[in-house]
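Each chain gets a letter, A, B and so on, in the order the sequences are listed, and its residues count up from 1.
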Amino acid sequence: MSAASLRSSPAARAGARDAIPFALAGLVVALSFGISARAAGLPALAAVAMSLLVYAGSAQFAAVAILGQGGSVVAAVLAAVLMNARYVAMGLAIGPSLKGGRVRRALEGQAVVDASWALANRGDGRFDRHTLFGSSAAQFVTWQVGTILGVLAGGILPDPEALGIDVVFPAFFLALLVGELRDAEAAAVAVAGAIVAVVLGLLAPAGIGILAASLIALVGVRR
Amino acid sequence: MSGHEKAWLTVALLAVTTFAIRALGPVAVGGRTMGPRTTRVLSLLPAALLAALVITETVIEDGELDVDARLVGVATAGLLLWRGASVIWVVVGAAAVTAGLRLLF
């Protein structure tokens with residue numbers, strides 16, 4: 001799809017518009033990422049490059065937290081990969097709604113972030129790809145701006161946690177979760193997923209619990 | 001390896017692995033459509049994943065249970081969502097309540 005046809009697509013524009021609250025909230029999340037990255041000792045430019053090239057909040061937070069605790073590069077990357085593993089499942093779900101050959105599908109799949117994927121989900125197993133692109137574009141912009149503001153503020157702020165910066169990320173994900181609770185089964189899956197994640201979060205390396213929780217969704221094969 | 005080298009190596013590896021992970025699903029499934037059972041599993045996935053992310057970021061710290069102001073902050077977010085607030089006010093409200101509690105206690 002050309003840039004011109006994307007601009008003229010009502011769904012892409014509607015996607016970008018619907019994503020504005022998430023993009024603004026994403027700005028605050030990115031701000032908290034930039035501050036956390038500086039607090040963890042990451043060079044300012046590396047934090048900005050990470051947001052630009054990776055654009056995956058939970059993976060970025062996980063990697064930075066491990067580096068900040070003196071962990072190895074392997075541990076940081078592994079935690080980020082586990083966090084990102086849900087994108088494989090999300091990519092499988094959205095795959096049939098994307099277009100073109102392998103290369104184009106691989107590139108279109110880069111627009112998947114949690115909020116854009118959830119907004120594009122029509123709830124009947126199909127996804128609107130224009131909504132995906134529009135909402136992802138809006139969030140990409142604020143993710144970069146927020147990160148830059150965050151690394152700048154991170155050099156000045158004495159104690160970011162005093163500002164409640166660390167609840168910005170879970171609060172944002174709670175908002176996405178509420179949109180997914182369409183029926184009783186989805187609510188039950190969410191509760192079960194939370195329990196699995198907490199139990200394994202206490203027993204297993206970071207990220208394993210999140211991945212194991214996704215297996216709860218397999219109850220959907222019953223019908 | 002210096003801290004800066006570790007940081008930049010992590011950025012490079014994250015960029016490559018994240019690209020590959022995002023490409024994997026769409027390339028593997030191609031244009032095939034899924035059966036109703038697969039579709040149902042996939043439509044339940046975000047509920048499980050998002051709930052797992054929210055709860056672990058709220059009550060777990062460095063692999064241990066840690067119930068503190070974060071839980072009240074995220075509960076505030078839940079209350080604001082229930083009242084129909086926009087997501088921007090949800091995150092700002094959660095942070096403000098958490099910050100307020102930390103200031104007081």
For a side chain to side chain contact (heavy atoms under 4.5 Å, CB included) check, start with the C-alpha distance between B/L14 and A/L53, then their side-chain angles and the critical distance, and finish with the verdict. CA-CA 8 Å; B/L14 248 60; A/L53 299 172; over 6 Å; no
Heavy-atom pair of closest approach, residues A/A46 and B/V11: O-CG2, 3.5 Å
Contact class of B/R70 relative to chain A, heavy atoms under 4.5 angstrom: both
Value rounded to 0.5 Å, distance of CD1 in B/I21 from CE in A/M83: 12.5 Å
Could you tell me the separation between the CG atom of B/L53 and the CG atom of A/D114, rounded to the nearest 0.5 Å? 7.0 Å
Among B/G73, B/G100, B/S86, B/A52, which has the most heavy-atom pairs under 4.5 Å with chain A? B/A52
Does B/R37 reach the main-chain N or O of A/G220 with its side chain, forming a donor-acceptor pair under 3.5 Å? no
Considering all heavy atoms, the nearest A/G70-B/K6 contact: O-NZ, 4.0 Å
Side-chain heavy atoms of B/L45 within contact of A/M90, under 4.5 Å: no
If we define contacts as heavy-atom pairs under 4.5 Å, which of B/L13, B/T17, B/I60 has the most with chain A? B/I60
Under 4.5 Å, counting heavy-atom pairs only, tell me which of B/V91, B/L9, B/V92, B/V59 racks up the most with chain A. B/V91
Side chains of A/L45 and B/W8: does their closest heavy-atom pair fall under 4.5 Å? yes
Do A/P96 and B/V29 touch side chain to side chain, with heavy atoms closer than 4.5 Å? yes
For B/V87 against A/F22, the heavy-atom pair lying closest together: CG1-N, 3.6 Å
For residues B/A48 and A/S214, report the shortest heavy-atom separation together with the two atoms involved. CB-CA, 4.2 Å
Among A/D166, A/I20, A/V103, A/L52, which residue forms the greatest number of heavy-atom pairs with chain B at distances under 4.5 Å? A/D166
Evaluate the side-chain proximity of A/R222 to B/R40: yes if any heavy-atom separation is below 4.5 Å, no if none is. no
Region of A/E161 in contact with chain B, defined by heavy-atom distances below 4.5 Å: both
From A/S58 OG over to B/L49 CG, what is the distance, rounded to the nearest 0.5 angstrom? 9.5 Å
Between CD1 of B/I88 and CZ of A/F172, what distance do you get to the nearest 0.5 Å? 9.5 Å
Any side-chain heavy atom of B/W89 within less than 4.5 Å of one from A/P21? no
Can you spot which of A/V113, A/N84, A/V88 makes a side chain to side chain contact (heavy atoms under 4.5 Å, CB included) with B/R22? A/V113
When only pairs under 4.5 Å are counted, which of A/L98, A/L92, A/N121, A/V196 shares the most heavy-atom pairs with chain B? A/L92
When A/L42, A/I94, A/L163, A/L200 are compared by non-hydrogen pairs under 4.5 Å with chain B, the top option: A/L163
Kindly give the heavy-atom pair with the smallest separation between A/P170 and B/V54, and that separation in Å. O-CG2, 3.7 Å
Mind ranking A/R102, A/R86, A/Q110 by heavy-atom pairs under 4.5 Å with chain B and telling me who comes out on top? A/Q110
Rounded to the nearest 0.5 angstrom, the CG-CG distance for B/L81 and A/L177 is 9.0 Å
Can you tell me how far OG1 of B/T10 sits from CD of A/Q60, rounded to the nearest 0.5 angstrom? 12.0 Å
Heavy-atom pairs under 4.5 Å with chain B are the metric here; pick the option from A/V178, A/L218, A/L203 that has the most. A/L218
Determine the option with the most heavy-atom pairs under 4.5 angstrom with chain A, choosing from B/A95, B/A23, B/G63, B/A20. B/A95
In terms of heavy-atom pairs under 4.5 Å, which option from B/L103, B/L24, B/V74, B/L71 contacts chain A the most? B/V74
Between chain B and each of A/A93, A/A187, A/A213, count heavy-atom pairs under 4.5 Å; write down the option with the most. A/A93
If we only count heavy atoms from C-beta on, is the A/L107 to B/F19 side-chain gap below 4.5 Å? yes
Taking every heavy-atom pair that is under 4.5 Å apart, which of B/A96, B/G30, B/A12, B/A75 has the most such pairs with chain A? B/G30
